[in-house]
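To start, the structure under review is shown below, and the notes come after it.
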Amino acid sequence: MNFLSGILKKKKTALVLGGGSARGLAHIGILKIFQDEGIDFDLIVGTSIGAFIGAFFALEKDMSKAEKKTKEFNPKENLDIMIPPMMGLIKGEKIYSVIKDFVGDKTFKDTKIPMAVVCTDLEKGEEFVFTEGPLSQAIRLSCSYPGIFTPIRFENRLLVDGAILNNVPVNVARKLGAEIIVAVDVGYCSRVSGIKSVFGMILQAFQVMGEELGRYQVSQADIVINPDLGDINQLDFASSRFIIRQGEIAALEKLNKIREKTGIKKGSVKR
């Protein structure tokens, strides 16, 4: 927390980006609109894919690059299955390479906007917040679904996906001093039938849990953006164009409200 303690001295605005795997690609569309409209935040807090995309924005503020990389992403090429599975079905080194491709060797101190990444300490049953160190490491840990991706120990903690406890970590932004919070909740597609595998069962359990957690957590935000993603599930990366576009639409719908709340003057939409 030391990195942020000297930054948030006055009334500050925070953007909170939640988890949701493929559905979280809507964050790209939302951030594209904020980029075009000159909407800036003093702090970004993210968990899981929200941490991944939020970190890219905090570093570069050029979401066209993130959109291009996302459309080239093939999830099947990035699943290094563990045989036999140990603490996860997927080793996670290939996904870590994807993360490194996005953020390189940058650290939290390299971001243009202060950033916090939320994980879950699975053994202690509590949240763990990164605000310093390598971004890629924090993101990898924040994206580690228990039982799916092999977890990694950090300072004697077994850290996994932040969404286990905090899918839309509004409370973390409050603790870090933010007074005006815009939260993005991409929701979950928990209406799934015909589950036929361990992978599908774990995924569905996360979706049911995440949907319930999200309802409570976003209620603490000042403004909530909910992209309309229908029955798009967490693995549907092939629908990235649609998901990103829905993020853009959702952001445009809340622009005036965000300006009123934050005091940011109206600009012209460049779309």
Side-chain angles (χ1 to χ4, degrees), residues 15-37 39 44 46-57 60-79 94-95 98-99 101-102 139 142-143 145 148 161 163 167-168 182-195 199-200 203-204 206-211 213-215 218 221 223-258 269-271:
L15 175 65
V16 176
L17 303 176
S21 199
R23 292 172 68 96
L25 298 179
H27 295 317
I28 294 175
I30 291 166
L31 291 171
K32 281 175 65 181
I33 295 300
F34 290 166
Q35 176 185 317
D36 287 351
E37 285 288 303
I39 303 289
I44 296 176
T47 193
S48 198
I49 194 167
F52 189 0
I53 295 172
F56 188 87
F57 184 74
E60 298 207 21
K61 287 194 174 183
D62 185 355
M63 298 314 294
S64 61
K65 291 183 182 179
E67 184 175 18
K68 183 177 183 295
K69 287 176 178 287
T70 296
K71 290 174 179 176
E72 296 170 350
F73 176 72
N74 184 336
K76 290 183 180 180
E77 294 177 355
N78 291 282
L79 299 180
K94 290 186 177 180
I95 291 296
V98 173
I99 295 169
D101 183 51
F102 269 74
I139 296 166
S142 185
C143 291
Y145 273 37
I148 297 181
D161 198 308
N167 191 48
V168 190
V182 177
V184 180
D185 179 16
V186 300
Y188 286 84
C189 175
S190 61
R191 298 166 297 282
V192 176
S193 60
I195 298 172
F199 187 84
L203 182 64
Q204 175 65 355
F206 271 102
Q207 292 185 148
V208 172
M209 177 188 67
E211 192 167 47
L213 274 175
R215 288 194 191 102
V218 298
I223 298 171
V224 181
I225 300 176
N226 298 106
D228 183 3
L229 300 176
D231 291 336
I232 295 288
N233 69 47
Q234 284 184 279
L235 299 179
D236 195 358
F237 286 91
S239 296
S240 62
R241 292 179 187 274
F242 172 78
I243 296 169
I244 291 170
R245 181 55 187 159
Q246 291 303 105
E248 293 175 358
I249 292 169
L252 287 168
E253 289 175 349
K254 293 294 176 75
L255 266 183
N256 287 339
K257 190 172 183 180
I258 291 171
V269 179
K270 302 175 183 178
R271 310 200 62 74

- Query: About how many Å separate CD1 of Ile244 and CD of Glu67, when rounded to the nearest 0.5 Å?
  - Reply: 4.5 Å
- Item | Interatomic distance, Asp36 atom CG to Glu248 atom CD [nearest 0.5 angstrom] | 8.5 Å
- Message: Let's go through His27 and Phe57 carefully: what are the C-alpha distance in whole Å and the side-chain angles of both, what is the deciding distance for side-chain contact (heavy atoms from CB on, under 4.5 Å) to 0.1 Å, and is it a yes or a no?
- Response: CA-CA 10 Å; His27 295 317; Phe57 184 74; over 6 Å; no
- Query: Just how far is it from atom CD1 of Ile33 to atom CD1 of Ile39, taken to the nearest 0.5 Å?
  - Reply: 10.5 Å
- Listed partners of Lys257 passing salt bridge (Lys or Arg N to Asp or Glu O under 4.0 Å), at least two apart: none
- Query: Is there side-chain contact between Phe34 and Met63, with heavy atoms separated by less than 4.5 Å?
  - Reply: no
- Inter-residue atom distance Leu229.CG - Phe242.CZ, 0.5 Å rounding: 6.5 Å
- Between Ser240 and Thr70 the two heavy atoms that sit nearest each other are CB-CG2, 4.1 Å
- With sequence neighbours excluded, residues passing salt bridge (Lys or Arg N to Asp or Glu O under 4.0 Å) with Asp62: none
- Query: So, Arg23 side chain and Val186 main chain: donor-acceptor pair closer than 3.5 Å or not?
  - Reply: yes
- Item | Interatomic distance, Asp231 atom CG to Ser239 atom OG [nearest 0.5 angstrom] | 11.5 Å
- Please assess Leu252 against Ile249 for the test side-chain contact (heavy atoms from CB on, under 4.5 Å), listing each intermediate value before the final yes or no. CA-CA 5 Å; Leu252 287 168; Ile249 292 169; 5.6 Å; no
- Item | Least distance between heavy atoms, Ala250 atom then Ile225 atom | CB-CG2, 3.6 Å
- Query: Where is the tightest heavy-atom contact between Gly18 and Ile49, given as atom of each residue plus distance?
  - Reply: O-CG2, 4.1 Å
- Message: Please enumerate all residues that pass ring-ring contact (aromatic ring centres under 6.0 Å, His included) together with Phe52, with sequence neighbours excluded.
- Response: Phe102
- Query: Is a donor on one side and an acceptor on the other found under 3.5 Å between the side chain of Lys32 and the backbone of Ser64?
  - Reply: no
- Message: Is there a side-chain contact (heavy atoms from CB on, under 4.5 Å) between Glu37 and Leu255? Walk through the geometry before answering.
- Response: CA-CA 9 Å; Glu37 285 288 303; Leu255 266 183; 3.6 Å; yes
- Query: Where do Ile243 and Ala22 come nearest, in terms of heavy atoms and distance?
  - Reply: CD1-O, 3.4 Å
- Message: Before you tell me yes or no, could you show the steps for Leu17 and Leu31 under side-chain contact (heavy atoms from CB on, under 4.5 Å), namely the whole-Å CA-CA distance, both residues' side-chain angles and the distance that decides it to 0.1 Å?
- Response: CA-CA 10 Å; Leu17 303 176; Leu31 291 171; 4.2 Å; yes
- Query: Does Ser142 use its side chain to pair, donor to acceptor, with the backbone of Ser48 at less than 3.5 Å?
  - Reply: yes
- Task: Locate the shortest heavy-atom distance separating Ser21 from Gln234; write the atom from each residue and the value.
- Result: OG-O, 3.0 Å
- Message: I need the minimum non-hydrogen distance between Ala55 and Ile139, along with the two atoms involved.
- Response: CB-CD1, 3.6 Å
- Item | Under 3.5 Å: donor-acceptor pair, side chain of Gln246, backbone of Asp228 | yes
- Message: If you define the side chain from C-beta out and look only at heavy atoms, does anything of Val16 sit under 4.5 Å from Val182?
- Response: no
- How long is the gap from CG on Leu25 to CD1 on Ile30, to the nearest 0.5 Å? 11.0 Å
